[in-house]
Amino acid sequence: MAQDMMVRIPVREQDPKVRATNFGEVCLGYNKEEAEAEAARCLNCKNPRCVQGCPVSIDIPGFITKIKESDVKGAYDVISQSSALPAVCGRVCPQETQCEGVCVRGIKGEPVSIGKLERYVADTARAMGIKPSTDAAKKEKKVAIIGSGPAGLTCAGDLARMGYDVTIFEALHKAGGVLVYGIPEFRLPKDAVVEKEIENVKALGVKIETDCIIGKSTTVDALMKEEGYDAVFIGSGAGLPKFMHIPGEQAMGVFSANEYLTRSNLMKAFSKDSRTPIMRPKKAVIVGGGNVAMDAARTALRLGAETHIVYRRSEEELPARREEVLHAKEEGIIFNLLTNPVEIHADENGWVKGITCLRMELGEPDESGRRSPVEIPGSEFYTECDAVIMSLGTDPNPLISSTTEGLDVNRRRCIVANEENGQTSKEGVFAGGDAVTGAATVILAMGAGKAAAKGIDEYLSGKA
Amino acid sequence: MFRILKKENLAPNIFLMDVEASRIAKNALPGQFLIVRVDADGERIPLTICDYDAAAGTVQIVFQVIGGETHRMSALAEGDCFHDVVGPLGKPSDLTEMPIEELKKMKICFIAGGVGTAPVYCQLKWLHENGVTVDCIQGAKTKDIIILEDEMRAVSNLHICTDDGSYGISGNVTVALQKLIDDGMQFDRVVAIGPMIMMKFVCLMTKKLGIETIVSMNPIMVDGTGMCGACRLMVGDKVKFACVDGPEFDGHLVDFDQAMQRMRLYASEEGRLYLAAKEGDTHHGGCGNCG
């Protein structure tokens, strides 16, 4: 049967009923035939809007053309010029609002499945043992990168490609930042994907020092004055979890999504072999509607809970990627929309036994442009549950800003940095990612890391 | 490499170690803590820093074997390495930020309970090196588990008490504190570090006496940098994170009952893991920890 060029080649996924009980990856990705058939749908536009839609400007038609030619190495080289983490981005980018959102194919039919093709290239290249390489001449300049999440890895990779001597400082015991502590195994496999991408960054000559907290173990100023770093990039991420400050939030069984996910992802508590404990609730309520809320909900579900998402706005406003919402629903997560918690109830031993919520309706648009939720008086209702996971976003961690002289923060305590080149108020210090913007996405952090690498190169070249 | 340069068995199930960790040794101050992981699959275990030597690049920790991870730690020998040691974490004691002249005028009484003695030593030593020698009550259940006595005596006016009266003042630390006060001593600050239940009762007493009291909280935590919120506790009407806002707080404002309740969050599961590690297949229930 001839291929319908208006429709995407579907990607194989684990059956929802099966995957709801395991931590194996949900999406199984394209094989060669599927990838080449999907690649054939790309029109190779002269003026490719997808490239403009990509925060790191990957030459998308360029790598898809290589797939059409069965040249995976060629495709990988094209992507590598722009991205250090293609296997990650192919999995977690919100493509529907970026490259795929502006794909010309999408006007009359379905856009090309760019994310799944990127993933195919990265996974196949990895299986073939292809690594990125650099032939840039070594430069006698040292750059310190704070944080080994997407912003830091991207900035480090780009600078290493230019020949700089780059060291990443990571606070946790494992490199990867949100890719290892935040995003679950079923969306982004740790050993098979994240660790390999980090090895690729190391293959470019980047050094990583784990267990080093800038602001505590040493400071930005000490790195520059005592350890001889010529420039510093701060990509320390988004920090402190928010709570609602409602009664009962201190009860046992109330967690931040950060804690719940860190236990499961970084400490591997989802596995029975792990030494880190994690609560396996009977009925869990997850408060929030972002990607982190979906991750926490789908983790609790896999640990055996009947899982509810409670979100104060409507489905349309859910900040999570469409695919995550769809996957969550397929797996049996119940969405309680236009609902907001007002009190958590504990039993006589201090354990969560239920939650009282209010119904909401949408009012006038607020400063974010979204219609703001308004309480419906007298609409309180009680639901039994034994765990509540707060996924309300994060506040910046002041560890670095409070210990670095002359580093300006805005009124939300985010580090102030120039969007074009990452330059902060302090000479030689650059910043990007969630530390600057507040909680956002992996790819935006990578875009900021990339811009800062360019900014740092310009700064250090001018200084030479 | 976080190599163990010295290991001492201070008392039954209580160990002291000097560990190479140069960044921490260089930047630590009394009151701060660190996190260790014993091996590649280890839990992140927070421990208050007991001493540090910037020149040698070492930090000192003292721990009691209470579960699977501390059991594994106690099995490490001199020359072995921890997989991870990270810190210094938390805020230093506010004493380190006061002018020395002011400290000399203050009448401070430290109260050290059990392994809480080690972090108290760190503060006493710092004060002593700055020319300030203060009183300290060191309490234990019985004489055999008094640790670091000579070291403590060298840097403070030490008053030992034991619950069973086998050494020093007979009674717990609040009895000892009352005795010192009855003997005519006056204090304008108490710093209590030890089991939560001890700190709670010290605070109940000093609140009545109107003596400002600082405690060091050691709740469950994961990352230790403010990221997870597991260590949150109520201080007055505010939620605080022990890892970044503490670990030291105004003891009269801490909700100890809630903090102690939250310590039990993983009690049964950790108990099971500990027994599984220690006894393997030979454990068949009846311990109260398995269910």
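Remember, predicted model here, so these are calculated numbers, not experimental data. In what follows, chains carry the letters A, B, and so on, assigned in the order in which the sequence lines appear, proteins first and then strands, with residues in each chain numbered from 1.
Ionic pairing of A:Glu348 and A:Lys353 is not present here: no N-O contact between side-chain nitrogen and carboxylate oxygen is shorter than 4.0 angstrom. A salt bridge links B:Asp39 with A:Arg275; the closest basic N to acidic carboxylate O contact falls under 4.0 Å. The pair B:Asp257-B:Lys200 meets the salt-bridge criterion, since a charged nitrogen lies less than 4.0 angstrom from a carboxylate oxygen.
Chain A forms more heavy-atom pairs under 4.5 Å with one residue of B:Leu34, B:Ile24, B:Asp41 than with any other, namely B:Asp41. Chosen from A:Lys174, A:His245, A:Gln250, the residue pairing most often with chain B at heavy-atom distances under 4.5 Å is A:Gln250. Here A:Ile213 is the residue among A:Leu261, A:Ile213, A:Thr210 with the most heavy-atom pairs under 4.5 Å with chain B. Ranked by non-hydrogen atom pairs under 4.5 Å with chain A, the options B:Gln32, B:Arg37, B:Gln258 are led by B:Arg37. Between chain B and the residues A:Ser256, A:Ser217, A:Ala222, the most heavy-atom pairs under 4.5 angstrom are made by A:Ser217.
Within the 4.5 angstrom heavy-atom criterion, only side-chain atoms of B:Val38, from C-beta onward, approach chain A. Using a 4.5 Å cut-off between heavy atoms, B:Arg232 touches chain A through backbone and side chain atoms alike. For chain B, the nearby parts of A:Met252 are the backbone and the side chain; heavy atoms of each come within less than 4.5 Å. Heavy-atom distances place both the backbone and the side chain of A:Thr218 under 4.5 Å from chain B. Heavy atoms closer than 4.5 Å to chain B are found nowhere in A:Asp273, neither backbone nor side chain. Using a 4.5 Å cut-off between heavy atoms, A:Glu170 makes no contact with chain B at all. Only the backbone of A:Ala251 has a heavy atom closer than 4.5 Å to any heavy atom of chain B.
In this model, a donor atom of one side chain and an acceptor atom of the other lie less than 3.5 Å apart for B:Thr225 and B:Asp223. Side-chain polar atoms of A:Arg263 and A:Tyr181 form no donor-acceptor pair below 3.5 angstrom.
With hydrogens and angles ignored, the 3.5 Å screen pairs no side-chain donor or acceptor of B:Thr96 with any backbone N or O of B:Pro92.
Results of the side-chain contact (heavy atoms from CB on, under 4.5 Å) test with A:Leu188 over A:Val180, A:Val178, A:Asn265, A:Leu179 single out A:Leu179 as the only residue that passes.
Ring geometry, A:Phe23 versus A:Phe270: the interplanar angle falls under 30°, so the pair is classed parallel (tilted spans 30 to 60°).
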